[in-house]
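This structure is a prediction, so every number in the text was calculated from the model and none was measured. So you know, we letter chains A, B, ... as the sequences are listed, proteins then strands, and number each from 1.
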Amino acid sequence: MNNKQLADTFSLIADLMQIKGEVIYKILAYRKAADSLVAYPRSVKDLYEEGSKLTDIPGVGKAIGDKIAELLDTGKLEFLEKLQKEVPTSLADMLEIPDLGPKKVKLFWDELNITSIEQLKKAAEEGKLRDLAGMGPKSEAKILDGIESLSRRTGRTPLGVAWPAAQVQLELIRAVKGVKAAEVAGSLRRMKDTVGDIDILVSAVDSAPVMKAFVEQPTVARVLGEGEIKSSVEFQDGSRAQIWVHPPERFGTALQYATGSKDHNVRIRELALKKGLSLSDQALTKEDGTEILASTEEEVYKKLDLEWVAPEMREDRGEVQAAKDKKLPKLLTTKDIRAELHTHSTWSDGKVSIQQMAEEALKRGYKTLAITDHSVSLGIGNGLSVERLHEQRQEIDKVRKKVGDTLLILHGTEMEIRADGNLDFDNETLAWLDIVIASLHVSIRQPREQVTERMLNALQNPHVDIIAHPTNRLIPDREGADLDMDAILQAAAETDTALEINANPRRLDLEDIYARRAIELGIKLVINTDAHRLKHLDFLHYGVATARRAWAEKKHVINTWTPKQIEKWLKGRG
DNA sequence: GCCGTTTTCGGCCCGACTGTTTTCAGTCG
């Protein structure tokens, strides 16, 4: 069992216990443990087999630790099996329906013996739900609506979809008369790779015109709620957004609150309480009831003697302690990036010429550009043979002459790691190239050991400088390869091979948690857009955000180097 | 069930909104 499967097991336990009506804090503990396992950068199975203490994992104590051990030893969990006998597992699926929680699920189960979404739908259509206690015609209709929206929804929205959509919302809201400020909040502001919905915080004295503009947009399919302070909508594409309006003098506390994460806010509030302050979205309130208002987030953190924490770091991964000690890292910014080391041209599957890419790189202020077209075995990407690589060198030399010394153009490759583990080019060719990126595109569903072995083989080659998008995942449709990340990271550290954070928002691979661990292990990171078109260079900020979520500073990222530094590193590597 | 820079016991966030009510329960974030 991997971390995700363990986490899913504990999520299921939490769901079933909640329907059963267990005390809420037990349920919260299981949910917390599940979240923690997903975010844990090491394989818990390996940890256990090494004999390390499972209770070192945040949110895992004796009881849950024992359950993890049982799952890893036997693949089963007696506790869960007993629970499933009491509460049918299919009830947990019903919790997915919006506006339907454990109490209602239990009610339908107790009163009408409903145990599946299909049965629930049938009962609602037949008007059997409306007469139950606390139910009525509207609630019944809402449930049918919810079941329908479940089929429309595709789960979490990829960052690359949500972020541009949010910019449209911000533009609309900021144009409303009386609006002092509007910002995204929630997981989108924290730049998580997927987001549940778009959260927007607005600073305005009068909320009515804002709410009106928000719910009356032509792209809104349904208004899910509309109030004075908060409204939420579902768009035609099934995605959702919600908006809060607060007076300017309370905007700081409100934005801090709405940005989360939940766990980060819990830590912050604990700290506030120790100082005799209760923190809410409204204010910091003293014990005597007087309010301290904050119009900016910086004031909120300052009042608590904390450094302001960048939203990308607010995941309760040690940032609150660091903010207390005034030891937060000085995070990387897009302005620090001066090199793009992974681009494609018309020589393979790119849409622009080398010349065009070079001109665009210069325009964007880059000092170094690597042209790294696909290699021969990636047929679908029109990969280059050794012969075509040599022809390409001639064109690169021409472009070099045209652009002069202002831009260092590196001739490289994005070389395929073949299904059998071999590399596409011989060492002689690799040594001749300026820069070598190796990546997996094919046969990524191989068993963990096999696919890991292929990657390790690439890492061991002294000519391979960078591993691109290590797992080859695509958000939201494709899971990445089942790599043994502990082994990969260790090999990258030993061979001084850089690991790429691919900035394409469908990739964001290396993931933040592994990037953080890579930094701790002294591995160099490189952030590349993998541009196939000029516009793809705009992806950079997504990659930088992912690096910031990994606490990356300028010094950890190769793209911040001067051409001289980059050349020196490459030359030292064979 | 987990956690601890005052705690190994006693906390663990809480308010907005909806739909049901006749002052509140359920859900959500």
Side-chain angles (χ1 to χ4, degrees), chain A residues 10 13-14 17-19 21-36 54-68 79 94-108 129-143 145-146 185-188 190 195-201 207 211 215 223-233 240-246 250 253-254 256-283 285 316 320-321 324-325:
Chain A
F10 292 118
I13 290 175
M17 286 175 92
Q18 199 165 12
I19 293 166
E22 274 280 4
V23 282
I24 189 68
Y25 297 112
K26 276 195 189 188
I27 293 151
L28 289 173
Y30 279 104
R31 292 208 192 287
K32 167 101 190 164
D35 288 348
S36 176
L54 293 173
T55 47
D56 287 346
I57 303 165
V60 174
K62 171 94 173 64
I64 293 182
D66 286 348
K67 290 185 177 71
I68 292 175
F79 176 83
M94 289 163 65
L95 295 176
E96 295 292 314
I97 300 167
D99 302 314
L100 186 58
K103 297 278 171 66
K104 291 269 173 69
V105 168
K106 182 158 193 311
L107 176 75
F108 302 149
L129 302 181
R130 62 180 66 191
D131 298 328
L132 297 172
M135 290 291 295
K138 277 191 177 172
S139 302
E140 193 177 69
K142 212 171 174 181
I143 282 173
D145 239 25
S187 53
L188 182 54
R190 305 199 310 277
V195 305
D197 58 6
I198 294 172
D199 297 316
I200 293 172
L201 255 283
S207 75
M211 295 309 187
V215 301
V223 178
L224 303 168
E226 187 179 359
E228 208 180 312
I229 291 167
K230 181 186 158 185
S231 296
S232 57
V233 299
R240 293 177 173 208
Q242 50 188 340
I243 194 167
W244 286 268
V245 181
H246 288 264
R250 297 182 191 270
T253 42
Q256 196 287 326
Y257 177 85
T259 298
S261 67
K262 197 175 76 224
D263 292 336
H264 173 85
N265 284 356
V266 168
R267 285 264 177 267
I268 296 286
R269 277 192 297 267
E270 277 170 9
L271 251 169
L273 281 175
K274 280 184 191 151
K275 294 184 185 296
L277 294 165
S278 144
L279 174 61
S280 73
D281 58 341
Q282 296 293 320
T285 310
D316 189 25
V320 176
Q321 187 62 45
K324 215 169 140 188
D325 299 340

Lys/Arg cation over aromatic Phe10(A): Lys67(A), 6.0 Å, 45° cone: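 Output no; distance or angle outside limits.
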Glu228(A) atom CD: more than 12 heavy-atom contacts under 6.0 Å: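 No - once you tally the heavy atoms of other residues, nucleotides and ligands closer than 6.0 Å, there are 12 at most.
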CD-CD1 distance between Glu226(A) and Ile243(A), expressed to the nearest 0.5 angstrom: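 Here the interatomic distance stands at 10.5 Å.
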Leu129(A) CG to Lys104(A) NZ distance, which is reported to the nearest 0.5 Å: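 Rounded to the nearest 0.5 Å, the CG-NZ separation comes to 10.0 Å.
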Between [N] and [M], how far is it from one [atom1] atom to the other, in whole Å?
N: dG19(B); M: dC12(B); atom1: P; answer: 32 Å
N: dC14(B); M: dC9(B); atom1: C1'; answer: 24 Å
N: dC13(B); M: dT27(B); atom1: C1'; answer: 16 Å
N: dG1(B); M: dT6(B); atom1: P; answer: 28 Å
N: dC2(B); M: dT8(B); atom1: C1'; answer: 12 Å

Closest-nucleotide 5' rank along DNA chain B - winner of Ser280(A) and Gln321(A):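 The residue whose closest nucleotide sits nearer the 5' end is Gln321(A).
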Leu224(A) vs Leu132(A), nearer the 5' end of DNA chain B by closest nucleotide: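 Going by which nucleotide is closer to the 5' end, it is Leu224(A).
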Once you round it to whole Å, what is the distance between [atom2] of [N] and [atom1] of [X]?
X: Asp99(A); N: dA16(B); atom1: CG; atom2: P; answer: 18 Å
X: Lys32(A); N: dC3(B); atom1: NZ; atom2: P; answer: 8 Å
X: Glu140(A); N: dT20(B); atom1: CD; atom2: P; answer: 10 Å
X: Leu107(A); N: dG19(B); atom1: CG; atom2: P; answer: 17 Å
X: Lys275(A); N: dT6(B); atom1: NZ; atom2: P; answer: 11 Å
X: Glu270(A); N: dG4(B); atom1: CD; atom2: P; answer: 9 Å
X: Leu95(A); N: dG26(B); atom1: CG; atom2: C1'; answer: 13 Å
X: Leu28(A); N: dG29(B); atom1: CG; atom2: P; answer: 15 Å

What nucleotide among [options] has an atom nearest to a side-chain atom of [X]?
X: Lys26(A); options: dG29(B), dG1(B), dC17(B); answer: dG1(B)
X: Pro137(A); options: dT27(B), dT20(B), dC13(B); answer: dT20(B)
X: Lys230(A); options: dC2(B), dC13(B), dC17(B); answer: dC17(B)
X: Ile229(A); options: dG1(B), dA16(B), dC13(B); answer: dA16(B)

For dA25(B), the Watson-Crick or wobble partner whose two distances fall under 3.5 Å: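 dA25(B) is paired, partner dT18(B).
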Salt bridge present between Asp35(A) and Arg31(A) (N-O < 4.0 angstrom):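 Looking at Asp35(A) and Arg31(A), the cut-off is not met.
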Charged N-O contact under 4.0 Å between Asp316(A) and Lys32(A):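 A salt bridge is present here (some side-chain N lies under 4.0 Å from a carboxylate O).
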Any base atoms under 4.0 Å from [X], or only sugar-phosphate, or nothing? Heavy atoms, all strands.
X: Lys62(A); result: sugar-phosphate
X: Tyr257(A); result: base
X: Glu226(A); result: sugar-phosphate
X: Lys104(A); result: sugar-phosphate
X: Leu100(A); result: sugar-phosphate
X: Gln242(A); result: sugar-phosphate
X: Lys142(A); result: sugar-phosphate
X: Val60(A); result: sugar-phosphate

Under 4.0 angstrom between Lys103(A) side-chain N/O and dG26(B) OP1 or OP2: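 So the side-chain polar atoms of Lys103(A) do come within 4.0 Å of the phosphate oxygens OP1 or OP2 of dG26(B), strictly under.
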Any Ser139(A) side-chain N or O less than 4.0 Å from OP1/OP2 of dG19(B):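 Indeed not, no polar side-chain atom of Ser139(A) lies that close.
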Tyr25(A)-dC2(B) aromatic stacking (under 5.5 Å, under 30°):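 Tyr25(A) ring does not meet the centre or angle cut-off for dC2(B); no stack.
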Pair Asp263(A)-Arg267(A), salt bridge (charged side-chain N to carboxylate O under 4.0 Å, His left out): steps then yes or no: CA-CA 6 Å; Asp263(A) 292 336; Arg267(A) 285 264 177 267; over 6 Å; no
